[in-house]
Enquirer: 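Take a look at the following structure, please.
Order of the sequence lines sets the chain letters (A, B, ...), proteins ahead of strands, with each chain counted from 1. Note: hydrogens, waters and symmetry copies are ignored here, and every other heavy atom, side chains too, is used.
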Number of protein chains: 2
Amino acid sequence: MSTPQGARARARQEITAAIKEAARRQLAEEGAAKLSLRAVARELGMVSSALYRYFPSRDDLLTALIIDAYDSLGEASERARDAASTAPPPARWIAVCEAVRGWALAHPHEYALIYGSPVPGYSAPETTVRAAARVGLVLIGIVRDGHRGPGLAGLSLTAGLRPEAERMAADLAPDLPPEAAVALVAAWAQLFGLVGFEVFGQFHRVVEDREAFFRHAAARLAEGVGLNGS
Amino acid sequence: MSTPQGARARARQEITAAIKEAARRQLAEEGAAKLSLRAVARELGMVSSALYRYFPSRDDLLTALIIDAYDSLGEASERARDAASTAPPPARWIAVCEAVRGWALAHPHEYALIYGSPVPGYSAPETTVRAAARVGLVLIGIVRDGHRGPGLAGLSLTAGLRPEAERMAADLAPDLPPEAAVALVAAWAQLFGLVGFEVFGQFHRVVEDREAFFRHAAARLAEGVGLNGS
DNA sequence: CAAAAAAGAGAGCACCGCTCTTGCTTTGGA
DNA sequence: TCCAAAGCAAGAGCGGTGCTCTCTTTTTTG
């Protein structure tokens, strides 16, 4: 009688959260490949088969962690945008880029989970897609703001790309010129190229002052999407 | 006494090659996570323990595949460069970028192995590093050629980055101005950001005409390293 | 030709994901 | 209020994995 929603439902939520928490810790320590349902169960003091009441398979657990990671990254980028809300668009762009980088360096295994090799088979559940879009939306918003002001500077378009560019603009941000939509998507992928190379150690013995290097690259990325250097 | 080098040594080479070949096929079909020593041994008609005479662990087998993948990609990019050797540097740059993309799309699991999440622990044997440099060398060569001609166009440098830029230039290509070295490394990472997003499905429902999109992005990347549009 | 080195075969260990059955507890309707 | 239904934990067990150890056979070498 006590709790309205039923004590059992709440217990289920709590246990589900505890499982994800333990799994996330294992993920951070050992990586996705080493994440073991049995080890998670052991850490929680339950038997491994009991865990299947909460997640029907290891891949489902991983999918839950993937969605959480996308949300965490999205939140970090939104926080950076809001913290820089009074700055001009180029500075805001750089702030968000640095937030993405900072999050990735702080959570390398979770970053690998969402932007490295897709580990669970090849499924991309629809829920994942929505969670993945958050960072993109933040970037779109900044570019939109920037283009309201001084306008775009020096964005070109290869001949054959115009129809695709118009389609992309219509899908992504109808109020943006097609050139900007193309440049934005490219910059989006390139941002994660920079971050991924750093997180995955590809800059080893190539870039030393990675902080300064990234700041510079992010600034040039901003120019690339038409945000004229502040 | 027949063969000079010893029949056994040759047999060892052949078996090693056969193991790698079988492993590569499994890798292409199921991905690195599913690659199983036992399955490889089964396919070759030997018992799993015998395989340890050739590779001391599963990770060592994977490392061998990683090196081969780097070599294969490096070779593809060198072929593209040589095939376009008469074209002006910007066109050569684009050709190499497209070769990288083509190789990645043709060998997604091998691409994931080398540019996705680093799967075997966190070790990067020295041999791997040398193999990884090949694509980079091709890109450096093109930019060097380009800068011999008309010179760099509009490359800037953020204030604090100058010392790092000079260090990078000294290491990478002493005959290149520091601005170009920085731009080159950034473009290198960004190229693999574009390719990775496409291979790992991040462009799903975002970019449709990926061929045209990539061509455009590669062209802008060329401009970014100072190769003035042909 | 005999000693030494290399290779294969097999058993076995500890772990894994996952399924199925068996009891116990909570829940919700008659 | 009571009782069937549903939810959940536990245990045993299946087939698979990476890896180690021992034993035997084959090849190379002094």
Enquirer: Between atom CD in Gln26(B) and atom C1' in dT17(D), what is the gap in whole Å?
Expert: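 So the CD-C1' distance, Gln26(B) to dT17(D), works out to 12 Å.
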Enquirer: Describe the nucleic acid contact of Leu61(B) in one word from base, sugar-phosphate, nothing, applying a heavy-atom distance below 4.0 Å.
Expert: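 Result for Leu61(B) = nothing.
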Enquirer: For the pair made of NZ in Lys34(B) and C1' in dG15(D), what is the distance, rounded to whole Å?
Expert: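 Taking atom C1' of dG15(D) as the reference, NZ of Lys34(B) is at 15 Å.
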Enquirer: Can you tell me how far apart CG (Leu161(B)) and CZ (Phe213(A)) are? Round to the nearest 0.5 Å.
Expert: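 If I round to the nearest 0.5 Å, the distance is 8.0 Å.
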Enquirer: In whole angstroms, how far is the P atom of dT17(D) from the CZ atom of Arg58(A)?
Expert: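 In whole Å, dT17(D) P lies 15 Å from Arg58(A) CZ.
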Enquirer: Both Arg42(A) and Pro56(A) contact DNA chain C. Which one's nearest nucleotide lies toward the 5' end?
Expert: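 Looking at DNA chain C, the more 5' nearest nucleotide goes with Arg42(A).
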Enquirer: Go through Tyr115(A) and Val199(A) one step at a time and tell me if the side-chain contact (heavy atoms from CB on, under 4.5 Å) criterion holds.
Expert: CA-CA 11 Å; Tyr115(A) 288 107; Val199(A) 172; over 6 Å; no
Enquirer: Can you tell me how far C1' of dT22(D) sits from OH of Tyr52(B), to the nearest Å?
Expert: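 Atom OH in Tyr52(B) sits about 17 Å away from atom C1' in dT22(D).
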Enquirer: For nucleotides 12-14 of chain D, tabulate all protein N/O to nucleotide N/O atom pairs closer than 3.5 Å, reporting atom names and distance.
Expert:
unit_1: dG13(D); atom_1: O6; unit_2: Arg38(A); atom_2: NH2; d: 3.4

Enquirer: NA contact type, Leu35(A), heavy-atom cut-off 4.0 Å: base, sugar-phosphate, or nothing?
Expert: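 Since only primed, P, OP1 and OP2 atoms lie under 4.0 Å of Leu35(A), the category is sugar-phosphate.
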Enquirer: Taking atom P of dT27(C) as reference, at what distance in whole Å does atom CZ of Arg10(A) sit?
Expert: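 Atom-to-atom, Arg10(A) to dT27(C), this comes out as 10 Å.
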Enquirer: What is the distance from atom CG of Leu35(A) to atom CZ of Arg58(A), rounded to the nearest 0.5 Å?
Expert: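 It comes to 5.5 Å.
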Enquirer: Quick one: side chains of residues 181-193 of chain B, donor-acceptor pairs under 3.5 Å with protein atoms, not counting sequence neighbours, listed by atom name and distance.
Expert:
none

Enquirer: Output yes when Arg167(B) and Glu164(B) qualify as a salt bridge under the 4.0 Å nitrogen-oxygen rule, no when they do not.
Expert: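 Salt bridge between Arg167(B) and Glu164(B), a charged N being under 4.0 Å from a carboxylate O: yes.
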Enquirer: Is the CZ atom of Arg215(B) crowded by more than 12 outside heavy atoms at less than 6.0 Å?
Expert: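 It does not: Arg215(B) CZ has 12 such atoms or fewer within range.
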Enquirer: For Ser57(B) and dG18(D), is the shortest distance between a side-chain N/O and OP1 or OP2 below 4.0 Å?
Expert: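 The answer is no; no side-chain N or O of Ser57(B) sits under 4.0 Å from OP1 or OP2.
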Enquirer: Distance check, rounded to the nearest 0.5 Å: Ser77(B) atom OG versus Trp103(B) atom CH2?
Expert: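 Ser77(B) atom OG to Trp103(B) atom CH2 measures 10.5 Å (nearest 0.5 Å).
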Enquirer: What is the per-nucleotide protein-contact pattern of nucleotides 4-9 of chain D, from the 5' end, where B denotes a base atom under 4.0 Å from a protein heavy atom, S denotes such proximity for sugar-phosphate atoms only, and - denotes neither?
Expert: ---BBB
Enquirer: Checking side-chain polar atoms at under 3.5 Å, does Asp60(A) have a donor or acceptor matched by the opposite partner on Thr63(A)?
Expert: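 Distance-only check fails for Asp60(A) and Thr63(A).
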Enquirer: Is there a side-chain contact between Arg134(A) and Leu73(A) (heavy atoms, below 4.5 Å)?
Expert: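 No. Closest side-chain heavy atoms not under 4.5 Å.
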Enquirer: Could you check how far CG of Leu37(B) sits from C1' of dT20(D), rounded to whole Å?
Expert: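 From Leu37(B) CG to dT20(D) C1': 13 Å.
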